[in-house]
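To start, the structure under review is shown below, and the notes come after it.
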Amino acid sequence: MTWTAPRIERTTADGDQLNVPSTADERAMLEGWLRWHRETLLTKCAGLDPAQLAHTAAEPSNLTLLGLVRHMAEIERWWFRRSFAGEPIGDVFTGLDDGDEGIDGVDAAYAERDFAAYRAEVEACEVAVAGRGLDETFMSTTRGRLVSLRWVYLVMIQEYARHNGHADLLRERTDGATGDYPASG
């Protein structure tokens, strides 16, 4: 049996399909919206086989669903672990600072491994910021100024929102599925 991207069971809050509490503190809302976007990306991939995930469905762009998963693993690591937490680690899939950010070098043969790496990276990022204050800052080497953990959450939410729009189009071009819960397979 060929591996396919697993179906994602959405996290819920207050019985709402959006896993974001509507009356909570700022941290809970930021974490909820980030979780929603992480799950959305994986939902857009659910039920697709490795060849479909690695398919460039919107030529001439080389963007693929698998490339987006890899890219977001890189961006998660960059902001939460390397920049905020100061961990001296390289990239997830590519060489240190090669500018690729996971989008290039997609190989369908490694789809299952890449999905596992993404999930592991998300978990490691959650650990890296657990118990840390939203007002904690670090010197951003890309921005050249102090930025807060709050800012990182917001930048990650916008990064996912932008790329989930790309994932919408790629999924529709791959198998015609649309919506927040595309049919698997």
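Remember, it's a predicted structure, so these values are computed and weren't measured experimentally. Scope of the values below: all heavy atoms of this structure, side chains included, with no hydrogens, waters or symmetry mates.
- When all heavy atoms of Glu74 and Gly102 are compared, the closest pair comes out as CG-N, 3.8 Å.
- With a 4.5 Å cut-off on side-chain heavy atoms, Leu146 and Ser140 do not count as touching.
- Interatomic distance, Thr43 OG1 to Ile8 CD1, rounded to the nearest 0.5 Å: 5.5 Å.
- Proximity of His163 to Leu41: side-chain heavy atoms (C-beta onward) are nowhere separated by under 4.5 Å.
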side-chain contact (heavy atoms from CB on, under 4.5 Å) between Met156 and Val152, worked out: CA-CA 6 Å; Met156 290 301 300; Val152 172; 4.3 Å; yes

Arg82 vs Glu87, salt bridge (Lys or Arg N to Asp or Glu O under 4.0 Å): CA-CA, chis, key distance, verdict: CA-CA 5 Å; Arg82 289 171 68 183; Glu87 294 181 30; over 6 Å; no

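- Considering all non-hydrogen atoms of both residues, Pro50 and Ala111 come closest at CB-CB, 3.8 Å.
- In this structure the side chain of Arg27 reaches within 4.5 angstrom of the side chain of Val129, judged on heavy atoms.
- Pro6 and Ala46 get closest at one heavy-atom pair: O-CB, 3.5 Å.
- Taking 4.5 Å as the limit, some side-chain heavy atom of His37 sits within range of a side-chain heavy atom of Asn164.
- For the 3.5 Å distance criterion, the side chains of His71 and Glu159 qualify, holding a donor opposite an acceptor.
- Between Phe84 and Phe138, the angle of the ring planes goes over 60°, which puts this pair in the perpendicular group of the 30/60° scheme.
- The main-chain N or O of Asp104 is found under 3.5 Å from a side-chain atom of Arg70 such that the two form a donor-acceptor pair.
- Considering OG1 of Thr40 and OH of Tyr160, their distance stands at 10.5 Å, rounded to 0.5 Å.
- Residue Phe115 is tested with Phe93, Trp3, Tyr110 for a ring pair (Phe, Tyr, Trp, His ring centres under 6.0 Å); the sole match is Trp3.
- Taking each heavy atom of Val92 and Ala73 in turn, the nearest pair found is CG2-O, 3.8 Å.
- The side-chain heavy atoms of Glu39 and Arg35, taken from C-beta on, include a pair separated by under 4.5 Å.
- Ring orientation note: the planes of Trp33 and Trp36 are nearly perpendicular, at an angle over 60° on the 30°/60° scale.
- Leu169 and Leu66 fall into different hydrophobic clusters, where Ile, Leu, Val, Met, Phe, Trp and Tyr are joined by side-chain heavy atoms under 4.5 Å apart, directly or via other members.
- Proximity of Trp151 to Thr137: side-chain heavy atoms (C-beta onward) are nowhere separated by under 4.5 Å.
- We find the OG1-CD distance between Thr178 and Glu172 to be 6.0 Å, quoted to the nearest 0.5 Å.
- Ala128 and Ala85 make their closest contact through CB-CB, 4.1 Å (heavy atoms, listed as atom of the first residue, atom of the second, distance).
- Here the CG-CZ distance, from Leu68 to Arg171, works out to 13.0 Å after rounding to the nearest 0.5 Å.
- For the pair Phe80/Ile75, no side-chain contact is recorded, criterion being any heavy-atom separation below 4.5 Å from C-beta on.
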Check against side-chain contact (heavy atoms from CB on, under 4.5 Å), Val69 and Asp114: CA-CA 8 Å; Val69 169; Asp114 292 353; 5.5 Å; no

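- Linking ILVMFWY side-chain heavy atoms closer than 4.5 Å, directly or via other members, places Val155 and Val122 in a single hydrophobic cluster.
- How far CH2 of Trp78 is from CD1 of Ile89: 10.5 Å, rounded to the nearest 0.5 Å.
- The shortest side-chain heavy-atom distance between Val147 and Met139 does not fall under the 4.5 Å cut-off.
- Comment: Arg150 engages Asp135 in a salt bridge, judged by a side-chain N to carboxylate O separation of less than 4.0 angstrom.
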Working for side-chain contact (heavy atoms from CB on, under 4.5 Å), residues Leu48 and Leu65: CA-CA 10 Å; Leu48 297 179; Leu65 287 165; 3.5 Å; yes

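- Glu126 pairs with exactly one of Arg38, Glu31, Glu121, Glu76 by the side chain to side chain contact (heavy atoms under 4.5 Å, CB included) rule, that one being Arg38.
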Stepwise side-chain contact (heavy atoms from CB on, under 4.5 Å) test for Leu134 and Leu30: CA-CA 10 Å; Leu134 292 175; Leu30 290 172; 4.0 Å; yes

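- Judged purely by atom type and a 3.5 angstrom limit, Arg77 uses its side chain to pair as donor or acceptor with the backbone of Gly90.
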